[in-house]
Amino acid sequence: MSAQHQPNSSIALQDGNNFYCSVEASFDPKLRGKPVCVASSGDGCVIARDALSKKLGVPMGAPIHQIPPEVRRQITFRSANFALYGDISGRIASILRGLFPAIEEYSIDENFIDLTGIPVRDHERLAAEARARILKWTGIPSCVGIGPTKTLAKLSNKRAKSTVEGVVTTMPDDPALLTYPVEDVWGVGRKLTARLGADGILTAGDLAAADVDTLRSRYGVVLARTQRELQGISCAELEEHEPQRKEIMVSRTFGKDITSQTELMQAIATFAQRACEKLRSRQLQAAGVWVFIQTNPFKHNLTQYNPSKSFRLLMPSADTREILMVAQGLAKAMFRPGYGYKKAGVSLLDLSHTDVQQGDLFAGIDQRSKAIMEVMDRTNQKFGRGSMGFASTAWRPRGKTLEKPAWSVKRDMLSPAYTTDWKQLIRVR
DNA sequence: TCTGGGGTCCTAGGACCC
DNA sequence: TCTGGGGTCCTAGGACCC
């Protein structure tokens, strides 16, 4: 039976308020009461703002150098510390699992909760309890939105952000839909907002009431599903188990433009190595490798060159040596002198589980490969990432770094790994 | 000077086949 | 003068999400 036919299904969405900023503040009391922003990799853009920096007018995604100096001075910046955020995220999920039979970890700061089967009169009370427990046990404030579908739960959550209680329920006939901006509906982005506006669809209520066939033919099946969800008809089920990855990507914007082929090759090798580590940590192997290199799109006066190339392996592999050589080969074929490269990435495609190894008649499985990779992974696990690496990544023993490569990423405002590194555990006197 | 990273899904169009 | 019709597979690009 599909969710569409389940009567009285009900879903909640728990979402940490200003999550990254809240995590930083929960570990560093000095930050409390001050405007805090979290910066993207390379310390380039603002990817999270707390309430105070929102009030100061810092826009989401703003390049830090574009924030007026008098505003910038008031803000404490932190480099994104995903290891820390991921750890807190896992703790919040555990708390929710202790309260509800089924949850879906939707993103690092959001969890869907299945309320089906729980009496409706208890929904908001349980949501409030979850919220209180998360705050007490992790220090992270959050809101909970409730509705008959994921889209309405998302919408409720957004509404809850401006309430004191932090818990809101929205049913399809709620008058709030008539004033709720369509751009804030889950699945409606900038482009769709503009097109919908031209068609006179400005609110969630307008979208829910639009002609089904016109909407389907003008905007496609995705928005048609969103419409049904707003009408209370579920089109997206709760996914308790993470679906298998289809792609694993590692890419970076370089600290400086790269002009030399040697340096570009080192960067590509580093990304390939990291991608393979991620691959093996999930017991996966890849049958395809995709590499891209890009010039700086913000330098409008320069000729742009943004090639990409892919390669299909004869047999799926999780061997860094093999994938590294393929990735470097692709990059080498694309490299043209005379350009300043600003960003590059390596993506592993056609992923499958290593336990479904397809035998190849003509190639014996290299047993040594597995053993070598295991030794590398275990060493890096035990002594820290980067303890062992490949020469082509310009890897150097830890603590003996000669000079930082031009493409290394800036993270000057990083908070300590409070929860994931023994040496950096928080001290309480 | 300085502008994130990592994903998914859908669609259109071309190649190829019968 | 007059140009088939489906089907599949693949890829590139667009849109969205956090």
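Within every chain, numbering begins at 1; the chains are lettered A, B, ... in the order of the sequence lines, protein sequences first and strands thereafter.
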On the 0 to 90° scale, with breaks at 30° and 60°, tag the A/Phe82-A/Tyr20 ring pair as parallel, tilted or perpendicular.
perpendicular

A/Lys299 or A/Arg245, whichever maps to the more 5' nucleotide of DNA chain B:
A/Lys299

Taken to the nearest 0.5 Å, the spacing of A/Tyr341 OH from A/Glu263 CD works out to 13.0 Å

Which part of the nucleic acid does A/Tyr106 contact within heavy-atom distance under 4.0 Å: base, sugar-phosphate only, or nothing?
sugar-phosphate

From CZ of A/Phe112 across to C1' of C/dC17 the rounded distance in Å is 11 Å

Under-4.0 Å side-chain N/O to phosphate OP1/OP2 contact, A/Thr253 with B/dT3:
no

Quick one, which residues of residues 179-208 of chain A touch DNA chain C with a heavy atom under 4.0 Å?
A/Val185, A/Trp186, A/Gly187, A/Val188, A/Gly189, A/Arg190, A/Lys191, A/Leu192

Whole Å only: how far is the CG atom of A/Asp109 from the P atom of B/dG7?
17 Å

Taking the side chain as every heavy atom from C-beta outward, state whether A/Tyr219 and A/Leu196 have any atom pair closer than 4.5 Å.
yes

The side chain of A/His65 is closest to which nucleotide in this list: B/dC2, B/dT8, B/dG4?
B/dC2

Tell me which nucleotide among C/dC18, B/dG5, B/dT3 gets nearest to the side chain of A/Pro63.
B/dT3

Distance, rounded to the nearest Å, where A/Met249 contributes CE and C/dC17 contributes C1'
14 Å

Summarise protein proximity over nucleotides 10-16 of chain B in one line of letters, 5' to 3': B for base, S for sugar-phosphate only, - for none, counting protein heavy atoms closer than 4.0 Å.
SS-----

Given the side-chain rings of A/Trp290 and A/Phe271, with only the six-membered ring counted for Trp, is the space between their centroids under 6.0 Å?
no

Rounded to the Å, how far apart are A/Ile248 CD1 and B/dT8 P?
9 Å

When you measure from the side-chain N and O atoms of A/Lys256 to the phosphate of B/dC2, is any distance below 4.0 Å, counting only OP1 and OP2?
no

So if I take every side-chain heavy atom of A/Ser40 and compare against B/dG4, B/dC2, C/dC18, which nucleotide ends up nearest?
B/dG4

Against the side chain of A/Phe298, the closest entry in B/dG7, B/dT3, B/dG6 is B/dT3

How long is the span from the CD1 atom in A/Ile134 to the NZ atom in A/Lys136, to the nearest 0.5 Å?
14.0 Å

Does a donor on one side chain sit under 3.5 Å from an acceptor on the other, for A/Arg159 and A/Thr170?
yes

Here the distance between atom C1' of B/dG6 and atom CD1 of A/Ile108, to the nearest Å, is 12 Å

Determine: side-chain N/O of A/Arg252 to OP1/OP2 of B/dG4, distance under 4.0 Å, yes or no.
no

Would you say A/Lys246 reaches B/dG6's phosphate, i.e. side-chain N/O to OP1/OP2 under 4.0 Å?
no

Atom CD of A/Gln66 to atom C1' of B/dC2: distance rounded to whole Å?
9 Å

Would you give the length of the straight line joining atom CD of A/Gln328 to atom CD1 of A/Ile323, rounded to the nearest 0.5 angstrom?
13.0 Å

Is the closest side-chain donor-acceptor distance between A/Gln283 and A/Thr354 under 3.5 Å?
no

Less than 4.0 angstrom from a charged side-chain N to a carboxylate O is my criterion; do A/Asp319 and A/Lys370 meet it?
no

Spacing between A/Glu237 atom CD and B/dT8 atom C1', to the nearest angstrom:
17 Å

A/Leu348 has an atom CG; how far is it from atom P of B/dG6, in whole Å?
12 Å

May I ask you to check if A/Lys343 and A/Phe254 form a cation-pi contact, with NZ or CZ under 6.0 angstrom from the six-membered ring centre and within 45° of the axis?
no

Distance, nearest 0.5 Å, that separates CD of A/Glu105 from CD of A/Glu239:
13.0 Å

Under a 3.5 Å threshold, yes or no: a donor from one side chain and an acceptor from the other, between A/Ser347 and A/Glu247?
yes

C/dG4 and B/dC17, which share atom name C1', separated by this distance in whole Å
14 Å

Pairing string, 5' to 3', for DNA chain C - Watson-Crick or wobble contacts under 3.5 Å, brackets [ ] where pairs cross, | to another strand:
....||||||||||||||

I'd like to know whether A/Trp186 forms a ring pair (Phe, Tyr, Trp, His ring centres under 6.0 Å) with A/Tyr106, so could you lay out the CA-CA distance, the side-chain angles of the two residues, the decisive distance to 0.1 Å, and finally the verdict.
CA-CA 13 Å; A/Trp186 192 33; A/Tyr106 173 67; 5.6 Å; yes

